[in-house]
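Atom set for the values below is all heavy atoms of this structure, side chains included, hydrogens, waters and symmetry mates excluded. Numbering starts at 1 and runs along the sequence shown. Model, not experiment: these values are computed from the prediction.
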Amino acid sequence: MGVGGKTVRITGFDSLFAVEAGQFKIKGEPEDLGSFINNLLGKMGLGTHSDIMSMIREMLDGMPPGLEEALVLSKVIKSIDVQEADILRRLVLDAPSTGHTLKLLSASDWIEMFLTLSIKGIKVASSMPSFNMYLEDVQFISARLEELRQQVRRVREILFDPQSTEFIVVTIPTMMAVTESSRFHESLKKDGAHTRRLVINQVLPPSASDCRFCAAKRREEARAFRAILEDRELGGLKLIQAPLLDMEVKGVPALRFLSDSVWK
């Protein structure tokens with residue numbers, strides 16, 4: 001895993017890289033939208049206008065969950081487009097929990113709307129007597145905001161392009177998890193996301209004999225599998241089973257073992 005947002009090669013693989021998306025940074029990029037906007041306001045001489053600052057802060061306080069993740073994802077995709085397009089063939093994003101992932105998908109709309117309003121606001125602010133920036137500075141900041149807006153728009157285009165992106169739902173064989181996964185897939189379809197496969201994690205391996213606990217868990221699994229097959233949202237997906245292992249999946253040998261078990 002990359003430390004400090006740096007992409008690192010995974011030892012033991014010829015073409016596998018990793019980065020901690022939450023720490024991903026590009027030189028010159030804003031670390032978060034709030035500090036970026038506040039910095040722009042200061043440069044524009046608008047920091048002393050309490051009404052404008054109050055409106056901006058109110059909008060920033062109302063930022064939807066998932067917004068920072070959407071910005072980070074836009075940085076990752078920009079980096080790939082600019083620097084690594086010829087190196088990477090597939091990008092795997094280990095998405096957060098169901099609720100956060102759905103909020104991430106909707107956050108890009110909020111960001112684009114906010115940046116569009118910010119660009120218009122700069123044009124209006126430039127006519128104020130207290131505005132203390134040169135024309136070239138105004139043009140630079142407007143262009144910077146527009147670049148960020150296009151960057152966020154590209155994220156959405158990629159996420160919902162079935163030729164580029166596939167969402168793989170991962171669940172465990174319990175009734176509660178199956179119900180949540182069904183609702184998740186329904187929401188993904190409404191948003192226009194493309195899903196073909198369902199990974200069922202922590203499936204008990206075959207055994208000639210079971211203890212009472214294992215027998216009860218196996219009955220619970222059977223119920224969950226029946227529910228998946230009968231579910232209108234999940235029944236049409238390709239099912240992929242990942243076994244419950246007696247070790248932590250950590251390191252190259254464990255990853256290869258799990259990969260051979262799942263993607264055989």
Side-chain angles (χ1 to χ4, degrees), residues 1-32 66-101 103-105 107-108 151-152 154-159 161-173 177 181 184 188 193-206 237-264:
M1 183 65 70
V3 178
K6 295 181 180 179
T7 303
V8 298
R9 183 189 295 271
I10 303 301
T11 304
F13 293 91
D14 295 331
S15 57
L16 181 62
F17 303 84
V19 63
E20 187 175 359
Q23 300 296 322
F24 188 83
K25 298 176 183 178
I26 297 178
K27 187 176 181 180
E29 291 285 322
E31 292 194 11
D32 62 78
L67 184 141
E68 294 300 334
E69 289 88 344
L71 281 174
V72 168
L73 185 57
S74 73
K75 295 178 188 178
V76 173
I77 291 177
K78 178 182 178 182
S79 175
I80 292 171
D81 284 344
V82 173
Q83 303 174 18
E84 301 164 305
D86 297 330
I87 300 176
L88 304 180
R89 292 182 292 113
R90 180 170 295 139
L91 173 65
V92 178
L93 175 66
D94 185 8
S97 60
T98 298
H100 279 84
T101 297
K103 290 168 184 174
L104 184 154
L105 295 178
S108 57
Q151 200 172 310
V152 171
R154 172 147 171 75
V155 169
R156 185 166 184 82
E157 290 174 351
I158 291 176
L159 288 178
D161 179 7
Q163 302 300 319
S164 302
T165 304
E166 176 192 358
F167 285 79
I168 300 177
V169 180
V170 180
T171 190
I172 57 175
S181 297
F184 181 41
L188 287 175
H194 177 61
T195 308
R196 293 191 300 108
R197 293 178 280 189
L198 171 68
V199 174
I200 308 171
N201 200 10
Q202 301 180 9
V203 177
L204 285 173
L237 299 178
K238 179 181 178 181
L239 303 186
I240 300 171
Q241 298 185 32
L244 177 65
L245 302 177
D246 59 356
M247 62 179 179
E248 182 182 8
V249 181
K250 183 178 180 180
V252 172
L255 284 173
R256 290 192 185 279
F257 179 80
L258 180 64
S259 174
D260 292 339
S261 301
V262 174
W263 305 110
K264 54 188 176 183

Visitor: When rounded to the nearest 0.5 angstrom, what distance separates CG in Leu198 from CD1 in Ile240?
Guide: 8.5 Å
Visitor: Who are the side-chain hydrogen bond (donor to acceptor under 3.5 Å, both in side chains) partners of Asn201, not counting sequence neighbours?
Guide: none
Visitor: In residues 242-256, what donor-acceptor pairs under 3.5 Å come from side-chain atoms, sequence neighbours left out?
Guide:
residue : atom : partner : partner atom : Å
Arg256  : NH2  : Gly12   : O            : 2.8

Visitor: So how far is it from Leu159 CG to His194 NE2, rounded to the nearest 0.5 Å?
Guide: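 If we round to the nearest 0.5 Å, Leu159:CG and His194:NE2 are 13.5 Å apart.
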Visitor: Only counting residues at least two apart or in another chain, list the ones meeting side-chain hydrogen bond (donor to acceptor under 3.5 Å, both in side chains) with Thr165.
Guide: none
Visitor: Name all residues meeting the side-chain contact (heavy atoms from CB on, under 4.5 Å) criterion together with Ile168; count only those two or more places apart in sequence or in a different chain, and write none if there are none.
Guide: Glu166, Arg197, Val199
Visitor: Return the set of residues passing side-chain contact (heavy atoms from CB on, under 4.5 Å) with Ser181 (not counting sequence neighbours), or none when no residue passes.
Guide: Val169, Thr171, Leu234
